[in-house]
2 protein chains.
Amino acid sequence: MPPSKPSTTSAATDPVDEGVVRGLMGYNVKRAYIVLHSAAQQAAAEFDLRIPTFSCLSVIVRNPGITPSALAELLKIERSNLVVMVDELETRELVSRTQMKTDRRRFELKATVRGRRLHDKAAGAIAAAEAACLTALEDGEQQQLLALLNRIEGSMAD
Amino acid sequence: MPPSKPSTTSAATDPVDEGVVRGLMGYNVKRAYIVLHSAAQQAAAEFDLRIPTFSCLSVIVRNPGITPSALAELLKIERSNLVVMVDELETRELVSRTQMKTDRRRFELKATVRGRRLHDKAAGAIAAAEAACLTALEDGEQQQLLALLNRIEGSMAD
DNA sequence: CAAAAGTAGTTATGGTCAATAACTATTATT
DNA sequence: AATAATAGTTATTGACCATAACTACTTTTG
């Protein structure tokens, strides 16, 4: 990395130089993430869901009977942090949590009818909110972006 | 959005279906972000810097005399949250904060020699850490990724 | 079989980051 | 001169993530 070259002295109205940070991939990824996340967050809020909670609900809907441990591993969140989310989902009767007969340490998570309904509506709203952020990209470009992102994630897989 | 189709009942060792979330761009962006961020974070920690603090230092190095307000606007962080970071940078004598004569509400931020040196070393380490996460992508693909991300950010600009 | 080790879930706690409101000091507006 | 706007600050809160320590249960193994 070359030493930084400050512009003698920057007055108040100078064009501001983002410099090093804008050259970092992480910074650019974060900026795009913020755009998508805040849109998704707003959409999810309509259903009194936060994004991590929605993600849990979504995986439970698709995998009836999944255990909290498997859910945590999939979403890469700590089991301890999962507890409060599942608590909330259970309290709101969106998800049921029943102890397994075969192994009483484990619990089976299943979405209730209410849970599925809410999920499907929220998923639609979140997808729509995201789509509004992605109008600048053609469908093919979105696929391309997805592939590139997944290769970063995949190259660092455990 | 089509209604979700659960797989009858998922046993313990079933392949888990990530379902809806993996189809959301925000989820994929976040996953890639986590990879890059944790690598950058580790690198920055070697210099006792967290990423937001490094970003501040970096912009100050490139824009001597920048005001806290301009810095906050550029990095899209709240001025109130900036204060503690600049406090720390000043305490560590990486940055100087001097009141302007012309407008005594404003402060000029400048990196010290120590600040510039630390910045350049940290920037190199962070860039190297990022590069290690990006080996799966050719240079051209990295440029492509950057362009796509910036178009998302740009399309939502104020 | 009993002891030890491992697994699943939980509780409590702390750290980072982001967001807001309320405040002081200073400058600009009318 | 009174009012409004701007720059910086303080205090507080909430979301999210990570860790350690714990209970309950199951598996391993001597």
Side-chain angles (χ1 to χ4, degrees), chain A residues 12-13 21 26-27 29-31 33-35 37-38 40-42 44-45 48-56 60 65-91 95-109, chain B residues 12-13 21 26-27 29-31 33-35 37-38 40-42 44-45 48-56 60 65-91 95-109:
Chain A
T13 50
V21 289
Y27 185 77
V29 173
K30 178 168 195 181
R31 284 300 191 90
Y33 170 67
I34 289 171
V35 169
H37 182 256
S38 59
Q41 198 168 43
Q42 264 188 277
D48 277 298
L49 290 169
R50 278 162 294 120
I51 299 295
T53 313
F54 167 77
S55 301
C56 287
I60 294 168
I66 193 173
T67 63
S69 286
L71 181 53
E73 192 189 1
L74 182 73
L75 292 176
K76 299 238 193 297
I77 58 186
E78 294 298 319
R79 282 174 307 169
S80 58
N81 293 326
L82 197 78
V83 175
V84 290
M85 298 189 222
V86 175
D87 279 350
E88 188 201 329
L89 290 171
E90 195 184 26
T91 301
V95 156
S96 69
R97 168 158 54 178
T98 60
Q99 205 169 25
M100 288 171 106
K101 315 285 182 217
T102 58
D103 185 341
R104 291 188 348 211
R105 291 171 302 183
R106 289 179 144 106
F107 288 86
E108 284 189 342
L109 302 174
Chain B
T13 50
V21 289
Y27 186 77
V29 173
K30 177 167 195 183
R31 285 301 191 91
Y33 170 67
I34 289 171
V35 169
H37 183 257
S38 60
Q41 197 168 43
Q42 264 187 278
D48 277 298
L49 290 170
R50 278 161 293 117
I51 298 295
T53 312
F54 167 76
S55 301
C56 287
I60 294 169
I66 193 173
T67 63
S69 285
L71 181 54
E73 191 189 1
L74 182 73
L75 291 175
K76 297 236 197 295
I77 59 186
E78 293 298 320
R79 283 173 305 168
S80 59
N81 292 326
L82 196 79
V83 175
V84 290
M85 296 188 223
V86 175
D87 278 350
E88 188 201 329
L89 290 172
E90 195 185 23
T91 300
V95 157
S96 68
R97 169 160 50 179
T98 60
Q99 205 170 24
M100 288 171 107
K101 315 287 182 214
T102 60
D103 185 341
R104 290 191 346 215
R105 290 172 300 184
R106 289 179 145 105
F107 288 87
E108 284 189 342
L109 303 174

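It should be emphasised that the depicted structure is a prediction, and the values quoted were computed from it without experimental measurement. Letters go in sequence order (proteins before strands), and every chain restarts at 1.
In 5' to 3' order, the nucleotides of DNA chain D bounding all contacts with chain B (an atom under 4.0 Å from a heavy atom) are dA5(D) to dC17(D).
Taking the side chain to side chain donor-acceptor pair (under 3.5 Å) definition, one finds that R79(A) meets it with nothing, sequence neighbours left out. The side chain to side chain donor-acceptor pair (under 3.5 Å) test applied to D103(B) returns R105(B), R106(B), not counting sequence neighbours. Residues passing the side chain to side chain donor-acceptor pair (under 3.5 Å) test with Y27(B) are R31(B), sequence neighbours excluded.
Taking each heavy atom of Q41(A) and I51(A) in turn, the nearest pair found is N-CD1, 3.8 Å.
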Distances under 3.5 Å between nitrogen or oxygen atoms of protein and nucleotides 14-17 of chain C:
from: dC17(C); atom 1: OP2; to: R50(B); atom 2: NH1; distance (Å): 2.6

- Just do the side chain to side chain contact (heavy atoms under 4.5 Å, CB included) check on I77(B) and M85(B) with the steps written out, would you? CA-CA 11 Å; I77(B) 59 186; M85(B) 296 188 223; 4.0 Å; yes
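Here the CZ atom belonging to F107(B) is positioned 11.0 Å from the OG1 atom belonging to T67(B), to the nearest 0.5 angstrom.
Counting to the nearest Å, the C1' atom of dA19(C) and the CD atom of Q42(A) are 14 Å from each other. R97(A) places its CZ atom 9 Å from the P atom of dG9(C), with the value rounded to the nearest Å.
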- Going 5' to 3' through nucleotides 24-30 of chain C, assign each nucleotide B (protein heavy atom under 4.0 Å from a base atom), S (under 4.0 Å only from sugar-phosphate atoms) or - (no protein heavy atom that close). --BS---
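Of the possible donor and acceptor atoms, one in the side chain of Q99(B) sits under 3.5 Å from a partner among the backbone N and O of R104(B).
Between C56(B) and L75(B), some side-chain heavy-atom pair lies under the 4.5 Å cut-off. Residues P68(B) and V83(B) have side chains not in contact (no heavy-atom distance under 4.5 Å, counting atoms from C-beta outward). In this structure the side chain of K30(B) reaches within 4.5 angstrom of the side chain of I34(B), judged on heavy atoms. Counting heavy atoms from C-beta outward, D87(B) and R97(B) have side chains that approach closer than 4.5 Å.
Mapping M85(A) and S80(B) onto DNA chain D by nearest heavy atom places S80(B) at the nucleotide closer to the 5' end. Sequence order on DNA chain C of the closest nucleotides to I34(A) and V86(A) puts V86(A) first from the 5' end.
Considering only side-chain N and O atoms, S69(A) lies under 4.0 angstrom from the phosphate OP1 or OP2 of dG9(C).
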